[in-house]
Amino acid sequence: MTAVAQNNDFDIYATFQQFLQDDQISPPLAAILSLAEAIVKSNAGTMFELVQALNDSAEELKRRSPNPISLNAGCELFIAFVTLFPHESDNFAELKKELEQQGRKYAAEAISFRDKIAELALGFIKDDSVILTHSYSRVVLKALLHAHKTKRISVYVTESRPRGLGLKTYEALTAAGIPCTVVLDSAVAYVMDRVDFVLVGSEAVVESGGLINYVGSNQMAIIAKAANKPFYALAESYKFHRLFPLSQYDLPTHNPNILSFPTPTARSAGQDSASTTAASEASEKSSANKGTSSSPTERAMTQEQIAKNPGVDYTRPDLISLVFSDVGILTPEGVSQYLVGMFAG
Amino acid sequence: MVPAPMLDVHPPVGAPNGEASSSQQKSQKQMTKAERRELQERQRAAKAAKAAANGAPSKPAAKPKESAPSGSAAKPKPNRVSDAQARPAAPAAARAAEKAKAGQAAATTDAMARTQARGLLIFSHFGLPKPVSAAKGDIHPAIVRLALQFSTFKITGANARCIATLTAFKTIIQDYVTPPNHTLSRHLMTYLSPQISHLVAARPMSVTMGNAIRQLKLEISGTDPDLPEQDAKDALCRKIDTYMRERILIADQVIQETASSKIKDGDVILTYARSSVVEKVLLDAHASGRDFSVIVVDSRPMLEGKRLAAVLSEAGIQCTYLLLPALGSVISEVSTVLVGAHSIHTNGAVYSRAGTALVAMMAKRHSVPVVVCCETYKFSETIQLDSFSKNELAPVGDLFSSFPNTKPRESLTLENQPNLEILNPLYDLTPPTCITAVVTEVGVIPPNSISSIPVALGRLL
């Protein structure tokens with residue numbers, strides 16, 4: 001099936017990775033660009049074959065990517081666009097060229113979405129605001145840098161283990177001159193009363209009006225609700241997804257390995273404890289060597305233990321105050337109305 | 001036809017009450033509420049006494065009237081493939097009996113109905129269940145049969161009632177002959193109106209039936225007047241078929257696929273009473289090899305869950321059956337709650353079998369997602385805030401048990417007594433905050449965005 005509609009030497013995943021090299025391009029945009037490439041490279045003769053080829057490519061991207069949710073949103077958006085595109089031109093090759101150009105144009109325009117969102121968010125940021133954010137998000141960074149030009153703000157950012165992306169945000173903000181402090185993931189409740197509002201980015205905004213983002217966002221939203229602080233999510237419109245998770249464990253990224261308990265057998269228990277002591281000794285040694293740990297007994301999780309933890313989590317719509325997007329500032333209910341209107345039929 | 005109790009200044013004609021004339025001394029406005037009530041009671045009692053005094057035949061006249069409908073209700077049971085002669089015979093017998101004892105029978109049932117009305121005043125605004133009156137006017141036998149099936153609860157469920165109604169209408173339309181000097185598009189509607197009223201008299205119309213009939217009327221009025229009669233009738237029947245197929249049957253298939261994808265291996269699904277859509281979803285998920293178990297929660301008086309549990313366990317699904325009060329002990333083991341709906345409102349509230357709201361609220365308390373399966377044709381443009389403004393009462397007595405009885409039916413349930421009124425609302429309203437998702441054929445929608453369904457439909461149609 002794939003062989004019919006595509007050149008065998010066109011690797012969609014490699015193209016995808018290549019597009020991701022550009023720091024400004026997020027996974028859904030990279031997906032759209034790679035699918036646009038796929039259109040040109042494919043030798044489909046009819047619209048039906050083309051859509052089928054695109055679906056196959058999207059499937060492959062999803063399969064090979066560790067976190068497929070956001071790129072799935074981009075794929076679905078582009079395939080819907082291709083399917084509904086009016087094709088009056090008789091020449092199919094011309095049509096393919098047109099589609100590819102539209103794809104590229106959209107991706108180029110989409111870079112500007114972040115500026116629109118930053119402008120919208122500016123109205124909600126007052127002077128001397130203390131903002132809490134989570135991990136690393138390009139759109140939040142843009143919004144904060146934009147606000148810094150005209151207002152005084154200070155930012156708390158969580159470390160966001162295990163990837164530690166919060167430190168990347170810290171470096172970017174400090175370089176721009178914004179006072180910023182990194183906060184432990186477990187200290188979010190401690191700091192919440194000092195904060196004016198919470199601002200997070202998103203992997204995807206789903207049909208229920210809820211948010212899928214790096215693990216820790218749900219926690220932050222629950223604590224914000226308990227402390228009566230507004231929780232704002234920033235999301236470009238291509239991240240709106242027709243998924244509807246009923247709970248955390250209904251996410252496509254959830255697999256049986258996550259939060260599973262190790263199967264206890266006498267032999268492997270002995271081995272496990274041996275390996276964990278070995279690992280902890282190793283990490284102790286390495287941290288002692290680095291000399292960065294304040295206490296000599298700081299431990300770290302093993303890769304295996306980290307693998308049992310989720311990478312993203314789902315925040316319910318009733319915990320979110322507003323979603324800022326390039327199509328406007330929406331309430332979570334508004335998001336689903338937008339999605340139903342856009343994708344139905 | 002029970003006239004509203006009248007507070008006339010002049011005593012009602014034919015009620016020679018000494019007391020009535022004496023109470024005329026005070027005008028109605030001067031009397032306190034209690035005194036007015038007393039007057040009313042006295043007038044009623046006098047009327048009843050007069051009616052009773054007018055002969056023993058008045059009581060038995062009421063009995064054959066009621067036993068005639070239940071007699072003909074027993075007939076559909078052995079004879080489902082209809083014997084058209086038997087049906088008109090039974091109402092005809094009832095009509096004859098009624099005509100023979102017209103005055104007294106009317107007065108007695110009058111008094112009896114008013115006795116009931118007095119007791120259930122708080123819920124009387126949504127109509128008391130009445131025995132099906134004899135067909136007035138030119139009612140098609142298919143409608144007569146349907147009305148009896150509705151009033152005796154042989155056909156229950158929003159989808160089933162709508163499909164039965166539309167099928168009956170197809171028969172009527174084919175049998176219909178346009179009278180001379182009339183157009184089909186105008187006259188057919190006036191012909192259908194008394195049929196619909198007869199159905200409504202048997203049992204209040206469901207939202208599904210209402211939506212379907214509204215659509216049918218739209219199609220009828222849009223019929224091309226130049227079309228030959230048989231072609232117009234065939235076109236209407238085709239439109240009815242399309243409506244049933246697209247809005248109900250195919251919609252159910254889409255909902256089946258979407259909802260069964262939410263069922264994972266090892267899940268414990270809880271459902272309430274018997275929804276035709278949920279039954280399809282569970283059977284479909286089982287057929288695609290998913291390994292899950294089902295808890296069926298049920299309640300009186302209808303006990304519909306028994307049938308669902310039987311169907312599911314026959315298909316090989318592991319089922320647990322329990323009554324509503326036991327819900328608290330199993331809710332902590334449930335992964336998803338799957339329920340059906342009678343109708344869904346613009347504010348996202350779901351109107352469904354009484355007890356659904358309890359299940360949803362309990363589930364919400366225990367963080368169990370509640371998924372409602374509902375086709376878009378059940379969408380009602382109104383907003384409903386509580387279960388009182390619109391509801392239906394089940395008739396007193398045991399209509400619902402489907403097994404043969406060794407004891408008389410009356411002994412199986414409580415009966416109305418002088419100081420006891422039985423109240424059985426059939427529906428209740430689940431607030432949108434207790435619902436996680438609504439699965440329709442246009443997608444999975446959160447309850448707060450139900451109002452966007454017409455937008456989504458507008459794109460499809």
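Every chain is numbered from 1 and lettered A, B, ... according to where its sequence line falls, protein lines coming before strand lines. This one's a predicted model, so the numbers in the text were calculated from it and none came from an experiment.
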**Message:** Under a 4.5 Å cutoff for heavy-atom pairs, which residue among Gly443(B), Pro447(B), Ala437(B) has the most contacts with chain A?
**Reply:**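 When all of Gly443(B), Pro447(B), Ala437(B) are compared, Ala437(B) has the most.
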
**Prompt:** Are Ser299(B) and Tyr272(B) close enough that a side-chain donor and a side-chain acceptor fall under 3.5 Å?
**Reply:**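 The criterion, which ignores hydrogens and geometry beyond distance, is satisfied for Tyr272(B) and Ser299(B).
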
**Message:** Assess, by modelled atom type and distance only, whether the side chains of Ser26(A) and Tyr238(A) contain a donor and an acceptor separated by less than 3.5 Å.
**Reply:**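 Present: a donor and an acceptor within the cut-off.
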
**Asked** Looking at Cys373(B) and Ile255(B), what are the two nearest heavy atoms and their distance?
**Response**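 It is CB-CG2, 3.9 Å.
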
**Request:** On the 0 to 90° scale, with breaks at 30° and 60°, tag the Tyr243(B)-Tyr377(B) ring pair as parallel, tilted or perpendicular.
**Result:**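 Tyr243(B) and Tyr377(B): perpendicular rings.
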
**Prompt:** Checking heavy atoms, do the side chain of Val371(B), its backbone, both or neither come under 4.5 Å from chain A?
**Reply:**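 For Val371(B), the side chain is the part near chain A, not the backbone.
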
**Item:** Per-residue contact mode, Thr336(B) against chain A (heavy atom under 4.5 angstrom)
**Value:**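 Contact with chain A: side chain only.
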
